[in-house]
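Since the structure is predicted, the reported quantities are computational estimates derived from the model, not experimental observations. Indexing begins at 1, ligand by ligand and atom by atom, following the structure's order.
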Amino acid sequence: MSKKVQIVEVGPRDGFQSVKEFIPTETKKKVIDLLVASGCRKIQATSFVNPKAIPQMADAAEVAEYVLKTYPNVSFYALTPNARGVENACDAGFREVSYVISVSPGHNMANVRRTIDESFEGLAAIRQSLPDMKIVLDAATTFGCPFDGKVSIGQVVAYLEKARAIGITIVDLCDTIGIANPRQVRAVLETVCEKFPEIDFGVHIHDTRNMGMANSLAAIECGVTRVSTTVGGMGGCPFAPGASGNTSTEDLVFMLQEMGYDTGIDFAKLLETARFLKENVPANYSGHQMNIAPSQCVMG
Ligand code: COA
Ligand code: ZN
C-alpha cells in the first residue's frame with residue numbers, strides 16, 4: 001500500500017506575500033479554485049498581518065470569505081504574527097491558524113518585532129482566550145537564520161520546550177532561507193521526534209539553494225507526513241534577506257508519485273495551475289516541471 005503524504009499548499013500566502021505588485025483578489029481566488037480542482041485539500045489561504053508590513057495581504061478577509069464559503073470541505077488556514085492577527089482570522093471565519101515565531105532571535109525581531117519570549121507570551125494568551133482555535137506553530141529559521149547564522153539543535157529543543165509548556169501540539173519546522181541540508185534535517189527530526197513525541201511535526205522548506213527536494217525527502221524518510229510547498233515554487237519571506245521560493249508543489253508531487261507515495265493530487269492539473277500562475281502573477285518561480293515542453297513530458 002502506498003504511504004500518504006499531506007501536501008500543504010502555502011502559495012496563496014508564502015508565494016504571494018513577496019510579490020510587489022498587488023495581485024487582484026479575483027486572481028487570488030482563481031488560483032485557489034485551480035488548486036482545489038487539482039486536489040489540494042489543505043491550503044494556507046492568506047495572512048492577517050499589518051497591511052503596512054505586507055500590503056499584498058490587505059484583502060485577507062475578502063479571500064477568506066470566498067474560500068470558506070465556496071469550499072467547506074477543504075481545510076483552509078491563515079498565517080498570523082500576533083493576537084490581533086489570530087482574532088482577525090477568527091472573525092473572518094478561520095478555525096485554524098499558523099502562528100509564526102522564529103527559533104532565532106534576530107529573525108523574530110525582524111519579522112514580528114518581538115523577542116521570542118514575548119511572542120510565546122502572546123501565543124499563551126491566545127490559547128487561553130481562543131481555546132478552540134487550532135494552532136500550528138511555524139518555527140521559522142529552524143535550520144539557519146539570515147541574521148544570527150547557524151541555529152543549533154539545542155536552540156530548537158529549547159524553543160520546543162517553550163512550545164510544549166503552553167500546550168502546543170502541532171509544529172512546522174521551517175527552513176525560511178533554504179539553508180538546511182538533508183543530514184541536518186534528519187538530525188533535527190530524529191532529536192525532536194524522540195524528545196517531543198506528543199508533537200506532530202511537519203516541514204516547510206524553501207528552495208533557495210536548490211536543496212528543497214532533497215530536504216523535503218529527507219524529512220519524509222524520517223516519518224514526516226505533512227510538507228508545505230508552493231505551486232510553481234513561488235515566494236520568500238520579505239523579512240529574510242535572500243530567501244526565495246518554497247519547494248515547488250508540482251515538482252515534489254511528481255517525485256513522490258513516481259516513488260509510490262499518495263498525495264491525492266492530480267499532477268497534470270497542478271501543472272496547469274503553475275502555468276496559469278506564471279502567466280498571470282509576476283513572481284519568482286523556481287519550479288522545474290513547468291518549464292518542460294509537453295513533448296518532453298512522456299518518456300519515449
Ligand atoms: N493585522 C493588522 N494590523 C496589525 C496587526 C495585525 N495582525 N498587528 C498590528 N497591526 C497594526 C496596529 O494596529 C498598528 O497600526 P497603526 O500603525 O495604524 O497604529 C501597527 O500595526 C503597529 O502595531 P504594533 O502592535 O506596534 O505592531 P508592530 O509595529 O510591532 O508590528 C507586526 C508587528 C507583527 C504586526 C508586523 O510587523 C507584521 O504584520 N509583520 C508581518 C510579518 C509577516 O507576515 N512576515 C512574513 C511571514 S513569516
Ligand atoms: Zn516560508
Side-chain angles (χ1 to χ4, degrees), residues 8-20 43-64 77-92 94 97-104 106-116 118-123 125-126 130 133 136-147 171-180 202-208 212 215-216 226-249 283-284 286:
V8 181
E9 172 59 49
V10 297
R13 194 280 302 174
D14 211 342
F16 288 167
Q17 71 179 8
S18 57
V19 177
K20 294 241 158 19
I43 301 175
Q44 194 176 49
T46 186
S47 60
F48 288 85
V49 297
N50 181 352
K52 284 184 194 146
I54 312 261
Q56 188 62 257
M57 296 287 124
D59 57 0
E62 200 184 332
V63 171
Y77 72 124
L79 180 135
T80 60
N82 58 8
R84 164 97 179 268
V86 184
E87 283 155 14
N88 290 349
C90 187
D91 291 347
F94 285 102
V97 294
S98 58
Y99 190 95
V100 59
I101 308 178
S102 311
V103 178
S104 61
H107 185 262
N108 204 58
M109 192 51 78
N111 194 34
V112 297
R113 308 195 351 159
R114 302 277 182 281
T115 65
I116 292 172
E118 284 167 348
S119 282
F120 272 111
E121 279 161 27
L123 182 53
I126 290 158
L130 292 172
M133 181 64 85
V136 181
L137 175 61
D138 270 0
T141 65
T142 292
F143 302 94
C145 172
F147 307 105
V171 176
D172 277 357
L173 302 172
C174 305
D175 185 14
T176 309
I177 56 168
I179 190 75
V203 290
H204 170 123
I205 306 250
H206 282 260
D207 194 32
T208 320
N215 288 329
S216 300
R226 186 177 67 254
V227 181
S228 297
T229 53
T230 59
V231 62
M234 276 191 290
C237 172
F239 303 101
S244 67
N246 295 63
T247 313
S248 129
T249 312
N284 289 327
S286 65

Side-chain contact test, heavy atoms from C-beta onward, threshold under 4.5 Å: evaluate it for [X] versus [Y] and give yes or no.
X	Y	result
Leu173	Phe143	yes
Val86	Met133	yes
Tyr77	Val10	yes
Asn246	Met234	no
Asn284	Ser244	no
Ile116	Ile101	yes
Phe48	Arg84	no
Ser119	Asn108	yes

When you measure from [atom] to every protein heavy atom, which one gives the shortest distance, and what is it?
atom	value
atom 24 (P) of ligand 1	Arg114 NH2, 4.3 Å
atom 10 (N) of ligand 1	Arg84 NH1, 3.3 Å
atom 34 (C) of ligand 1	Pro81 CB, 3.6 Å
atom 38 (C) of ligand 1	Ala53 CB, 3.7 Å

Residue part near ligand 1, for [X], under 4.0 Å between non-hydrogen atoms:
X	result
Ile54	side chain
His204	neither
Asn82	side chain
Met57	neither

Going through the checks in order, is the side chain to side chain contact (heavy atoms under 4.5 Å, CB included) test met by Val112 and Tyr99? CA-CA 11 Å; Val112 297; Tyr99 190 95; over 6 Å; no

N/O separation below 3.5 Å, [X] to ligand 1:
X	result
Gly85	yes
Phe48	yes
Val112	no

What N, O or S atom of His206 is found closest to the Zn ion (ligand 2)?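 His206's closest N, O or S atom to the Zn ion (ligand 2) is named NE2.
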
Identify, by name, the N, O or S atom of Asp14 lying closest to the Zn ion (ligand 2).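 Minimum-distance N/O/S atom of Asp14 relative to the Zn ion (ligand 2) is OD2.
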
With heavy atoms of [X] as the reference, note each atom of ligand 1 found under 4.0 Å away.
X	value
Arg13	47 (C)
Lys52	16 (P), 17 (O), 18 (O)
Arg113	28 (P), 29 (O), 30 (O), 31 (O)

Does [atom] have any protein heavy atom closer than 4.0 Å?
atom	answer
atom 46 (C) of ligand 1	yes
atom 8 (N) of ligand 1	yes
atom 18 (O) of ligand 1	yes
atom 26 (O) of ligand 1	no

Quick one, Gln44 with Ser98, criterion side-chain hydrogen bond (donor to acceptor under 3.5 Å, both in side chains). Give me CA distance, side-chain angles, the key distance, then yes/no. CA-CA 9 Å; Gln44 194 176 49; Ser98 58; 2.9 Å; yes

Using heavy-atom distances, let me know which of Asn50, Asn88, Asn111 sits nearest atom 21 (O) of ligand 1.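 Nearest option to atom 21 (O) of ligand 1, by heavy atoms: Asn50.
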
Can you tell which of Asn108, Thr80, Val49, Val86 gets a heavy atom nearest to atom 2 (C) of ligand 1?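 Nearest heavy atom to atom 2 (C) of ligand 1 lies in Val49.
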
For His204, which of Asp14, Asp138, Asp172 qualifies under side-chain hydrogen bond (donor to acceptor under 3.5 Å, both in side chains)?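 The side-chain hydrogen bond (donor to acceptor under 3.5 Å, both in side chains) with His204 is passed solely by Asp14 among Asp14, Asp138, Asp172.
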
Supply the atom-to-atom distance Thr46 OG1 to Glu62 CD, rounded to the nearest 0.5 angstrom.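 It comes to 10.5 Å.
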
With rounding to the nearest 0.5 Å, note down the distance linking OG1 in Thr230 to CZ in Arg13.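 Atom-to-atom, Thr230:OG1 and Arg13:CZ are 10.0 Å apart.
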
Using a 3.5 Å distance criterion without hydrogens, assess whether the side chain of Thr176 forms a donor-acceptor pair with backbone atoms of Ala140.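 No, the answer is negative, given that no donor and acceptor are paired below the 3.5 Å cut-off.
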
Please determine if the Zn ion (ligand 2) has an N/O/S atom from His204 lying under 2.8 Å away.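 It does; at least one qualifying atom falls short of 2.8 Å.
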
